[in-house]
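Sequence lines set the chain letters: A, B, ... in the order given, protein chains first and strands last, and positions in each chain run from 1. Keep in mind it's a predicted model, so treat the numbers as computed, not measured.
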There are 2 protein chains.
Amino acid sequence: MDQAKRERLVAKGWKVGSVSDFLDLTAEESILVEIKLALSQNLKERRQKLMTQTELASKMSSSQPRIAKAENGDTSVSIELLIRAMLATGATPQDIGQVIAGVR
Amino acid sequence: MDQAKRERLVAKGWKVGSVSDFLDLTAEESILVEIKLALSQNLKERRQKLMTQTELASKMSSSQPRIAKAENGDTSVSIELLIRAMLATGATPQDIGQVIAGVR
DNA sequence: GCCTTCTATATCATATTTGATATATTAATA
DNA sequence: TATTAATATATCAAATATGATATAGAAGGC
């Protein structure tokens, strides 16, 4: 795994406190993290073009802080919430599938 | 929404006890349910070709009953677990993206 | 019939994720 | 600079998801 990718993953506190901890991520765990980050980034791009975090939150009965966390790749945010948020921005299953398929 | 799809969704107790309850699903909620069902079905197909539920469970530090629920579209199963299970069967992000993109 | 393997169902204590709230920070603009 | 809008961070009680365990069915071979 290359340095750039590692830094990208480590950036937001993704489970790691040290490099060796990081290396203990199985391949599957690491892919899962990348899927979350990809959804997170895409959500932010979509949402910024359309509305504020507060507006999106109200559309999906969530809260602005939760949207902020979702867009910043916070580890406490589930894939479920990321997908619900994408859908609330008008994303289709095709859009979402494409984001996930684009990982790696 | 057509009858066939409704029956498919209602089949496993998806939030509904009555038709009117069902109709209270927003478009987004309904898409989310369909994404889960699509992942669920695909997981079952993949897993059956490769291993038992017990084997898959141990590969991903889960339990056989949880895999059974995942494959049967139980409402208590998160998208996260479905994707972790797919990955444990060797599915790639492309495989997963394709399943989601295939919804609707 | 019995035995074995696989899958489904039920229960439950624990862990994670949630929206809400308060508040801090940042950005833009008058 | 002061004001405002937008976003980020912190905390927390409630809701949801979790793996574990026990056990029941189902399907097949003997």
Margin query: Using whole Å, what does the distance between atom C1' of nucleotide dT7(D) and atom NZ of Lys69(A) come to?
Written below: 13 Å
Item checked: Interatomic distance, Gln48(A) CD vs dA8(D) C1' [rounded to whole Å] -> 14 Å
Next item on the list: Please report the shortest heavy-atom distance between Ser63(B) and Ala57(B), naming the atom on each side.
Entry: C-CB, 3.4 Å
Next item on the list: Carefully, step by step, assess Met86(A) and Val99(A) under the rule side chain to side chain contact (heavy atoms under 4.5 Å, CB included).
Entry: CA-CA 11 Å; Met86(A) 293 274 288; Val99(A) 169; 4.3 Å; yes
Next item on the list: Verify the contact: side-chain N or O of Asn72(A) to OP1 or OP2 of dT7(D), cut-off strictly under 4.0 Å; return yes or no.
Entry: no
Note to self: Can you confirm whether the side chains of Arg66(B) and Ser76(B) place a donor and an acceptor under 3.5 Å from each other?
What the structure shows: yes
Notebook entry, point to check: How would you give the extent of chain B contacts on DNA chain C, as first and last nucleotide 5' to 3' within a 4.0 Å heavy-atom cut-off?
Noted result: dC6(C) to dA10(C)
Check: What heavy-atom pair brings Lys36(A) and Leu82(A) nearest, and what distance separates the two atoms?
Finding: O-CD1, 3.7 Å
Checklist line | Gln98(B) atom CD, neighbour heavy-atom count above 12 within 6.0 Å | finding: no
Notebook entry, point to check: Looking at DNA chain C, which of residues 52-68 of chain A put a heavy atom within less than 4.0 Å of it?
Noted result: Ser61(A), Ser62(A), Ser63(A), Pro65(A), Arg66(A)
Margin query: Please evaluate residues Glu71(B) and Gln53(B) with respect to the criterion side chain to side chain contact (heavy atoms under 4.5 Å, CB included), reporting the C-alpha separation (whole Å), side-chain torsions for both, the decisive distance (0.1 Å), and the verdict.
Written below: CA-CA 9 Å; Glu71(B) 291 184 353; Gln53(B) 291 182 345; 3.0 Å; yes
Item checked: Polar side chain donor-acceptor pair, Arg84(B) to Ser78(B), under 3.5 angstrom -> no
Item checked: Residues from residues 78-88 of chain B lying under 4.0 Å of DNA chain C - heavy atoms -> none
Margin query: How close do Leu39(A) and Ile100(A) get, counting heavy atoms only, and between which atoms?
Written below: CD2-CG1, 4.2 Å
Check: Do the side chain of Asp74(A) and the main chain of Ala70(A) share a donor and acceptor less than 3.5 angstrom apart?
Finding: no
Next item on the list: Considering non-hydrogen atoms only, spot the tightest contact between Ile31(B) and Pro93(A) and give its length.
Entry: CG2-CG, 3.7 Å
